Amino acid sequence: MRKNDGPAAIVVFSVSYYVLLLWPSLLGSAQNTTGTSSSGKIGVNVGVVLDTGTDFGKLGLSCIKMALSDLYASNPGYRTRLLLHTRDSKSDVVGAAAAALDLIKNTQVQAILGPETSMQTNFVIDLGDKAQVPIITFSAKSPSLASLRSSYFFRVAANDSSQVGAIGAIVKSFGWREAVPIYVDNEYGEGIIPYLTDALQSVDCRVPYRSVIPPAATDDQIAAELYKLMTMQTRVFVLHMLLDPGARVFAMAERIGMMGSGYVWIMTNGVTDFLGSANAAVLDSMPGALGVKTHVPKTKELQDFTVRWRTQFQREDPSIVNPPLSVFGLWAHDAALGLAMAVEEIGRTANFSFKSGNFSGDSSTDLESFEVSQSGPELVQALSGLRFKGLSGDFRLVNGQLQTSTFEIINVNGSGERRIGFWTLENGLMRMLGSGNSNGANYFTSNTNLGPIIWPGDSTSVPKGWQVPVNGKRLRIGVPIKDGFEEFINVSFPFSNDTVTGYSIDVFKAVLDALPYALPFEFVPFATPDGKSAGTYNDFAYQVFAGNFDAAVGDLTIRANRSLYVDFTLPYTETGVSMIVPIKDDKSKNAWVFLKPLTWDLWVASSCFFVFVGFVVWVLEHRINDDFRGPPHYQVGTSFWYSFSTMVFAHRERVVSNLARFVIIIWCFVVLILTQSYTASLTSLLTVQQLQPTVTDVNQLLKNRENVGFQKGSFVLGILKQLGFEDSQFKIYGTPEELYQLFVNGSKNGGIAAAFDETPYMKLFLAKYCSKFTMVEPTFKADGFAFAFPKGSPLVPDISRAILKVTEGKKMKDIEEVWFQKETICPDPNNKLSSSNSLGLESFWGLFLIAGVTSFLALVIFAAIFIYDQRHVLMNSDSEPSLWRRIVALFRTFDEKDLRCHTFKKDEAGERSAVEMSPPNTHYPPSPSGYSVRTDSSFVFGEQGTPSPDPNGTHPTDQDTMVSELTFPSPDPREHHNW
């Protein structure tokens, strides 16, 4: 017994066990032994267990006999001959087991062909394993038989699990997302279900329900199950039955209207392999159905055998006219042929007799006293290595299983079937065999590789695989009850579909209009009897999971915990949770606000460059420009004055050096950029400061233990608790007006300092109060508003695609303008306010680099020219042997005027001209600027026209000296009156 057998199997096993204990006494002790005939041929006993009273049993037995007859006729030199011993299982598990036991114990057969069904074979396999007698079936296809893992079990038939890949490929090619298996409640039906479910799930097709039909179900039971399927949305059904019960299901489905347009029926080979023997009434009940059928290559040998078999079969049973030869007959033929060839292979060395088995001496049961076939292990090895071309295709047993990898895809129409393609394990769906590669490089999954299909209801349009149940039920669409933010959803009472309004409702209706089919619905409020909200939005979403709603529509946010119970469509709004805070009137009254436009590093860099440029100009102008000469403090002040005055372009000292002029041009350009940027930044800073938020960071709220608000029933509460807020800091609001009042009260007066909510709500609030509040960081992740449907609902992909159509078109903009039209012009809340408007050094380092390089190059050029002109000072080591003294002398030379400069030559020429033009007898002294430099030892004028002390130490008075040394011209008598 297997662990997964049901109660029925347990009963069958118990009955079989006791019947088998008594069977030898009923049959007697007669035995047929294997021996050698008079012709020298070795006769080998082989058992055949079939339901000989059925057409299927007769088909199998006749094919077995013809296979052996043909083999021995074409190979007269064979030393062995199979002697068939047929037993009737009477379509019963106990009968099949008793027949097998009789053949093993009393006839001592070397192998058994059969039994017919999977349930019969399940028990017979254990008998063959104990007696080491190979059990070779050609019709028991349940995958569960392979789990017994008996080395003495061989299946010359396609395992039912080998066709689930073809069914999955069909489902995937048409994009169906749900399918319901319909199968008979026995070993045959249950065996394929785990494999079929896995194959469907591997192509993203869900199995929402399994329809189980009892083996002896009445028409009423079948109808009741089909009516149950009609109440579901799924319209793709996979039927796994044999022909007789399958035909009854199709007949009832046609009667109640389940073979009309929109339905999809896929049959396994349990039905399709027998369609050749089905009458017209059966075929007429399944129009448009698809089927997976075992592929049999069309060969000349098969055609010849079919003609001869029909002739022979009608001779044996004249009541059957034009009998069909199914693939099971071909498998029976190949099984007998393979067994005969394996027996011949071991015939020269095998001992076709039985010996006593290993069993306890005190055992009193016949089941434990089996004799064991001595040729069994050799026969197993010969069958496993056998290879030949049979009527059903290549004969090759791997782990006791015939290898089948090709199936036909058929479509039932009219009075017959029509092949529309093939499926192979290597290449998937193909219109014709041979169009793919044997290595599996090209695997086809598109339905374009199939021929034209006529679907149920005589339709050529591919069914979508689901539809609203046809029993008049509308989709129950749940809507929440809200006290505020009615722009999103508003439910009025007395309730009706027309009293549900809002942005979310308009979007939902627009999405339904975008669907390619009609979807009848009715709104159902999520409310208590008195019209109040029945719970939170988590409770609202859970109602879909509980089956109270077919969908949930409204301002329902996609959340991870909710997705465990429902499937969400794509969102139709923006995502995120934002923070709203009041705007403070921070018109700057700070006395140092003028420093804020520039950062500290830019201030320092600018100051350094002012000093540096002043120094460069002084160096370039000191020897040739009187404006940059004089006492040291005067020169320093002039240099700084000149440099900093460029900031307001108020410098009046003229520069005469071309190098200095070039430096000043570049520096003025830099100063122009700096001053203009400073002016713009200061203006912007004074303006923006009026819009600064009161809070810019969540940590500031936590540190100051400020109160925060969130909307009633919102999931935002969980986010706030994760951030570290305590329950005492929470304030709940339901409407924008309540939120505004909380802000007005303030955190210290029972109000709030900030509010957290989803972006759509915050935008709606800002549209009303944009002049007093602003949206600032942080923005937490959330996936926006969406519609919720039950897990695995086929509506979700269609609704999501329709949402994309609506949001990408003009319709969504029109809906937003209706519900969120702003009466005032408000700043964009997405433009987050910056904490600083200061300009940094990184914005101007290029300008400073240009100015610095220019000034440095000017210094280098000036130094090179000066050193070159004064090279005799550095090179003359005779007068000054010390290098340091020569360098000091060089600096002294730098501090002197360069009288060769054109500026000084011009002044001297002007003075000489003035003296020459004076009247010779004038007694007026010349202007101080016209004095010449005296060279006598008693009186010398310095550079500025001041007398120098006498070298002898005498200091004549200024007036006496000037009067004594100078000759004043006589006054003109005509001008005497001017004095």
Side-chain angles (χ1 to χ4, degrees), residues 141 157-158 160 162-174 236-243 246-247 250 259 263-280 282-303 305-306 322 324-331 391-394 404-436 438 442-463:
K141 303 190 302 173
D160 277 340
S162 61
Q163 62 183 318
V164 298
I167 297 174
I170 295 173
V171 171
K172 181 179 181 180
S173 67
F174 292 103
V236 180
F237 306 111
V238 181
L239 184 73
H240 179 62
M241 294 181 179
L242 295 176
L243 180 60
F250 274 113
M259 295 302 297
Y263 284 87
V264 178
W265 290 85
I266 304 175
M267 303 174 290
T268 64
N269 58 10
V271 175
T272 57
D273 286 343
F274 291 99
L275 285 181
S277 60
N279 56 41
V282 173
L283 295 174
D284 290 341
S285 66
M286 55 180 72
L290 299 179
V292 177
K293 183 177 182 179
T294 306
H295 173 64
V296 177
K298 304 299 181 182
T299 60
K300 185 176 183 303
E301 292 78 6
L302 176 60
Q303 185 177 2
F305 177 82
T306 303
N322 194 21
L325 178 60
S326 68
V327 68
F328 291 95
L330 304 182
W331 284 331
L391 293 180
S392 62
D394 293 332
T404 304
S405 60
T406 303
F407 291 90
E408 298 178 9
I409 311 299
I410 66 166
N411 182 211
V412 179
N413 292 119
S415 58
E417 60 186 72
R418 180 173 55 88
R419 186 175 64 201
I420 59 174
F422 296 88
W423 178 87
T424 65
L425 185 62
E426 297 82 9
N427 301 113
L429 297 176
M430 296 184 298
R431 186 68 181 90
M432 298 297 296
L433 284 178
S435 58
S438 59
N442 295 328
Y443 191 87
F444 305 102
T445 59
S446 174
N447 56 39
T448 58
N449 293 319
L450 299 177
I453 301 175
I454 305 299
W455 301 97
D458 200 27
S459 173
T460 57
S461 300
V462 178

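This is a predicted model, so every value here is computed, not measured.
The salt bridge (Lys or Arg N to Asp or Glu O under 4.0 Å) check on Arg419 picks up Glu408, with sequence neighbours excluded. Legend: residues meeting side chain to side chain contact (heavy atoms under 4.5 Å, CB included) with Thr424, ordered by chain and number and at least two apart, are Thr406, Glu426, Asn427, Met430, Leu433. Applying the ring pair (Phe, Tyr, Trp, His ring centres under 6.0 Å) rule to Trp265 yields the partners Phe237, Phe250; only residues at least two apart in sequence or on another chain are considered. Considering only residues two or more places apart in sequence or on other chains, Lys300 meets the salt bridge (Lys or Arg N to Asp or Glu O under 4.0 Å) condition with Asp304. Partners of Ser392 by side chain to side chain donor-acceptor pair (under 3.5 Å), not counting sequence neighbours, listed by chain and number: Asp334. Shown here are the ring pair (Phe, Tyr, Trp, His ring centres under 6.0 Å) partners of Phe422, two or more places apart in sequence or in another chain: His295. With sequence neighbours left out, Asp284 forms a salt bridge (Lys or Arg N to Asp or Glu O under 4.0 Å) with no residue at all. Annotation: side chain to side chain donor-acceptor pair (under 3.5 Å) contacts of Ser446 (sequence neighbours excluded): Thr448. Taking Val282 as the reference, Leu243, Ala247, Ala278, Asn279, Met286 meet the side chain to side chain contact (heavy atoms under 4.5 Å, CB included) condition, with sequence neighbours excluded. With sequence neighbours excluded, the residues that form a side chain to side chain donor-acceptor pair (under 3.5 Å) with Lys293 are Glu417. Applying the side chain to side chain donor-acceptor pair (under 3.5 Å) rule to Thr268 yields the partners His240; only residues at least two apart in sequence or on another chain are considered.
Summarising the geometry of Pro463 relative to Tyr263, their closest heavy-atom pair is CG-O, 3.9 Å, with the distance given to 0.1 Å. In terms of heavy-atom proximity, Leu242 sits nearest to Val271 at O-CG2, 3.8 Å. The two residues Ser326 and Phe274 make their nearest non-hydrogen contact at OG-CE2, 4.2 Å.
Side-chain contact between Asn447 and Leu429 is absent, with no heavy-atom pair separated by less than 4.5 Å. The shortest distance between side-chain heavy atoms of Ser285 and Met259 does not fall below 4.5 Å.
Of the residues listed (Val292, Asp160, Ile410), the one engaging Asn269 in a side-chain contact (heavy atoms from CB on, under 4.5 Å) is Asp160, and it is the only one. A side-chain contact (heavy atoms from CB on, under 4.5 Å) with Ile454 is found for exactly one of Val412, Thr460, Ile420, namely Thr460.
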Go through Gln163 and Thr272 one step at a time and tell me if the side-chain contact (heavy atoms from CB on, under 4.5 Å) criterion holds. CA-CA 12 Å; Gln163 62 183 318; Thr272 57; over 6 Å; no

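If you take CD1 on Ile167 and CZ on Phe407, they are separated by 9.0 Å, rounding to the nearest 0.5 Å. Within the model, atoms NZ of Lys141 and CG of Asp273 stand 5.0 Å from one another, a figure rounded to the nearest 0.5 Å. For the atom pair CD1 (Ile170) and CD1 (Ile409), the distance works out to 3.5 Å, reported to the nearest 0.5 Å. The CZ atom of Phe174 sits 8.5 Å away from the CD1 atom of Ile266 when rounded to the nearest 0.5 Å.
For Asn411 (side chain) and Ala289 (main-chain N/O), a donor-acceptor pair under 3.5 Å exists by modelled atom type.
For residues 449-458, there are no side chain to side chain donor-acceptor pair (under 3.5 Å) pairs, not counting sequence neighbours.
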